[in-house]
Novice: 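A single structure is presented below for examination.
Note that these values count all heavy atoms, side chains included, but never hydrogens, waters or copies made by symmetry.
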Amino acid sequence: MPILPREPDIHPSQLLDEAIIASAPQQPWWVMYTLPRREKELMRRLRALDIAYYSPLVHKRARSPSGRMRESYVPLFPSYVFVCGSEPARQQSLTTQCVSRT
């Protein structure tokens, strides 16, 4: 199985820049509690819908039982993705079949 590249953990990339935050109207932040191990899938679907989100990923290295080193990027907050947007954006994110509750 090929090793997948690291995916973006924030969309759009300037979402948390101070200049953007100061000039843009305040959008509410929503906390999405995902189904087990579906954080990255939710982030992919939100990126396709062009909905702003943030879910920091951290680098993890683990040794398999056979001794091989495996590297991956896992969510800093498992099962949580933070979505920035209006009520219609929140409703669209609920239609992704990845969210358990908000």
Novice: In sequence, state the C-alpha distance, the side-chain angles, and the governing distance for His11 and Leu46, and then conclude on side-chain contact (heavy atoms from CB on, under 4.5 Å).
Specialist: CA-CA 9 Å; His11 175 78; Leu46 291 175; over 6 Å; no
Novice: Does Arg61 have any salt bridge (charged side-chain N to carboxylate O under 4.0 Å, His left out) partners at least two apart in sequence or in another chain, and if so, which?
Specialist: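 Arg61 satisfies salt bridge (charged side-chain N to carboxylate O under 4.0 Å, His left out) with Glu71 once adjacent residues are dropped.
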Novice: Would you name the heavy atoms of Gly85 and Gln27 that are closest together and state the gap between them?
Specialist: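 The pair with the smallest heavy-atom distance is C-OE1, 3.4 Å.
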Novice: Calculate, to the nearest 0.5 Å, the distance between atoms NZ and CG belonging to Lys40 and Leu57 respectively.
Specialist: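 If we round to the nearest 0.5 Å, Lys40:NZ and Leu57:CG are 6.0 Å apart.
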Novice: If I take atom CG from residue Leu16 and atom SG from residue Cys84, how far apart are they, to the nearest 0.5 angstrom?
Specialist: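 It comes to 8.5 Å.
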Novice: By the definition salt bridge (charged side-chain N to carboxylate O under 4.0 Å, His left out), identify the one residue from Arg45, Arg44, Arg37 that meets it with Glu41.
Specialist: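 Single pass found, and it is Arg45.
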Novice: Provide the closest heavy-atom pair for Gln92 versus Thr95 in the form atom of the first, atom of the second, distance.
Specialist: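 Heavy atoms only, the tightest pair is O-OG1, 2.5 Å.
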Novice: Locate the shortest heavy-atom distance separating Leu15 from Ala52; write the atom from each residue and the value.
Specialist: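 Looking at all heavy atoms of both residues, the closest pair is CD1-CB, 3.9 Å.
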Novice: Side-chain donor-acceptor contacts of residues 73-83 below 3.5 Å, not counting sequence neighbours, with atom names and distances?
Specialist:
none

Novice: So, Glu87 and Arg90, do they make that salt bridge, N to O below 4.0 Å?
Specialist: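 A salt bridge links Glu87 with Arg90.
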Novice: Could you state the interatomic distance from CD1 (Ile10) to CG (Asp17), rounded to the nearest 0.5 Å?
Specialist: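 Rounded to the nearest 0.5 Å, the CD1-CG separation comes out at 8.0 Å.
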Novice: What pair of heavy atoms forms the shortest contact from Ser93 to Met32, and how long is it?
Specialist: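 Closest approach of Ser93 to Met32, heavy atoms only: OG-CE, 3.1 Å.
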Novice: To check you understand the geometry: which heavy-atom pair defines the closest contact between Leu35 and Gln97, and what is its length?
Specialist: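 Heavy atoms only, the tightest pair is CD1-O, 3.6 Å.
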